[in-house]
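This structure is a prediction, so every number in the text was calculated from the model and none was measured. Numbered from 1 within each chain, the chains take letters A, B, ... in sequence-line order.
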Number of protein chains: 2
Amino acid sequence: MNPHQAEHAALIAQIAEIFRHCGYEGASLSRITERTGLGKGSLYHFFPGGKDAMAAAALAQVDDWFRRRIFQPLERDSAPGAINGMWDAVDEYFLSGQRICLMGAFALDGTRDRFTDAIGAYFTRWISALQRALERAGVDGPAAGELAEDTVAGIQGALTLARALNDNGQFVRSARRLRGRLARYL
Amino acid sequence: MNPHQAEHAALIAQIAEIFRHCGYEGASLSRITERTGLGKGSLYHFFPGGKDAMAAAALAQVDDWFRRRIFQPLERDSAPGAINGMWDAVDEYFLSGQRICLMGAFALDGTRDRFTDAIGAYFTRWISALQRALERAGVDGPAAGELAEDTVAGIQGALTLARALNDNGQFVRSARRLRGRLARYL
DNA sequence: GTCTATACAGCGATAGAC
DNA sequence: GTCTATCGCTGTATAGAC
């Protein structure tokens with residue numbers, strides 16, 4: 001990644017953080033200009049498609065991070081190591097529960113309909129990558145699928161609960177128990 | 001409940017549905033007037049506090065429903081029956097995954113800060129009511145608390161996943177497994 | 001690339017007739 | 001109670017100077 005691309009990625013990451021905090025509708029362009037320090041002219045220079053394109057870029061960046069750090073290792077590497085790596089990456093990415101999942105947040109309201117494909121692809125791949133890793137670890141097909149669904153759903157639910165109760169510890173404890181449950185199969 | 005109160009409750013339920021579908025920011029007054037058939041004058045007659053008061057009333061109605069159908073039975077009745085009743089009520093309320101949880105949706109974005117107390121009280125009471133029912137059923141304290149947290153988080157995550165994948169079956173399957181997991185302790 | 005100025009639609013909210 | 005008209009503001013988006 002050249003410096004130019006890196007700056008652009010940093011900008012997208014900043015915008016993604018605003019979407020996470022305010023939601024799609026709540027993330028106004030004035031908030032985005034304020035938090036990024038860029039005028040509207042600059043923003044529309046980088047994202048000719050406007051706010052919709054900014055959100056799409058944010059989702060694509062999230063997907064890319066998970067693809068490289070979680071999905072591909074789950075599909076490729078030895079299962080126990082990849083699954084342990086998944087839990088470390090999850091904890092790192094969600095900052096131990098301080099940060100929510102942009103895909104999950106967008107999925108819950110009307111924003112979903114703007115980004116159906118990106119959101120669906122992300123969760124589908126996460127579940128199927130985890131399922132296949134569990135199968136390689138010896139879990140039989142149906143059980144592996146159920147375990148993968150329960151795990152991904154459990155992470156989303158833990159993020160919701162942590163924010164609802166304003167307690168990051170909630171996420172850390174939930175994640176530890178989900179991790180322990182998977183570990184019994186490895 | 002007299003007819004006047006019943007009409008008012010039906011109006012709040014209609015408004016709640018709009019918030020569920022569009023989120024707080026996305027639920028504009030023009031959408032609300034359109035879907036309810038009431039002009040802005042009427043809406044502000046019923047809710048002098050405006051949109052904020054409409055959302056607060058919606059959350060209060062949700063809380064009331066769960067209190068009567070889930071929290072109080074869990075706190076009062078025999079544990080196995082109350083827990084079975086909880087699962088039936090959950091499935092009924094969320095329409096087998098077609099409907100999301102307003103509390104959970106509001107918790108995820110900046111809307112949370114407007115309704116911190118209502119959202120926090122709802123989840124706190126759900127978890128503690130379930131925990132105490134499990135304790136009465138013979139599960140020891142810490143395990144009951146963990147199980148209650150995992151269950152409520154699991155329901156929220158299943159709702160997120162069902163909407164993200166646009167597949168109600170996802171919720172039904174997840175809920176059935178969560179139910180089975182609790183049943184092993186009863 | 002970045003800014004300021006601006007277009008115009010939609011927002012939440014209010015007033016007042018009926 | 002319900003409506004229409006309208007307020008002031010903010011929303012997204014664009015134009016054009018630099």
Worksheet entry | Contacts of type ring pair (Phe, Tyr, Trp, His ring centres under 6.0 Å), residue B:Phe46, not counting sequence neighbours | B:His8

Discussion item. So, using side chain to side chain contact (heavy atoms under 4.5 Å, CB included) as the criterion, who are the partners of B:Gln14 when residues are at least two apart?
Written reply: B:Leu11, B:Thr36

Practice prompt. May I ask you to list the residues of residues 39-54 of chain B, by number, that have any heavy atom positioned under 4.0 Å from an atom of DNA chain C?
Written response: B:Lys40, B:Tyr44, B:Gly50, B:Lys51

Worksheet item: Sequence neighbours excluded, which residues qualify as side-chain hydrogen bond (donor to acceptor under 3.5 Å, both in side chains) partners of B:Ser30?
Response: B:Ser28

Practice prompt. Provide the full list of salt bridge (Lys or Arg N to Asp or Glu O under 4.0 Å) pairs with a residue in residues 34-47 of chain A, sequence neighbours left out, each pair given once.
Written response: none

Worksheet entry | salt bridge (Lys or Arg N to Asp or Glu O under 4.0 Å) pairs, two or more places apart, involving residues 128-138 of chain A | none

Worksheet item: Using a heavy-atom distance cut-off of less than 4.0 Å, which residues of residues 27-38 of chain B contact DNA chain C?
Response: B:Ala27, B:Ser28, B:Leu29, B:Ser30

Worksheet item: Taking only residues two or more places apart in sequence, or in another chain, which ones meet A:Asp109 in a salt bridge (Lys or Arg N to Asp or Glu O under 4.0 Å)?
Response: none

Practice prompt. Residues of residues 8-23 of chain B with any non-hydrogen atom less than 4.0 angstrom from an atom of DNA chain D: list those, numerically ordered, please.
Written response: none

Discussion item. Under 4.5 Å side-chain heavy-atom separation, chaining through any Ile, Leu, Val, Met, Phe, Trp or Tyr, what else clusters with B:Leu108? Say none if it is isolated.
Written reply: A:Ile100, A:Leu108, B:Ile100

Worksheet item: Linking Ile, Leu, Val, Met, Phe, Trp and Tyr through side-chain heavy atoms less than 4.5 Å apart, which residues share a cluster with B:Val172?
Response: none

Worksheet entry | Residues B:Asp63, B:Arg125: salt bridge by 4.0 Å N-O rule | no

Worksheet item: Members other than A:Leu95 in its cluster, when Ile, Leu, Val, Met, Phe, Trp, Tyr link by side-chain heavy atoms under 4.5 Å?
Response: none

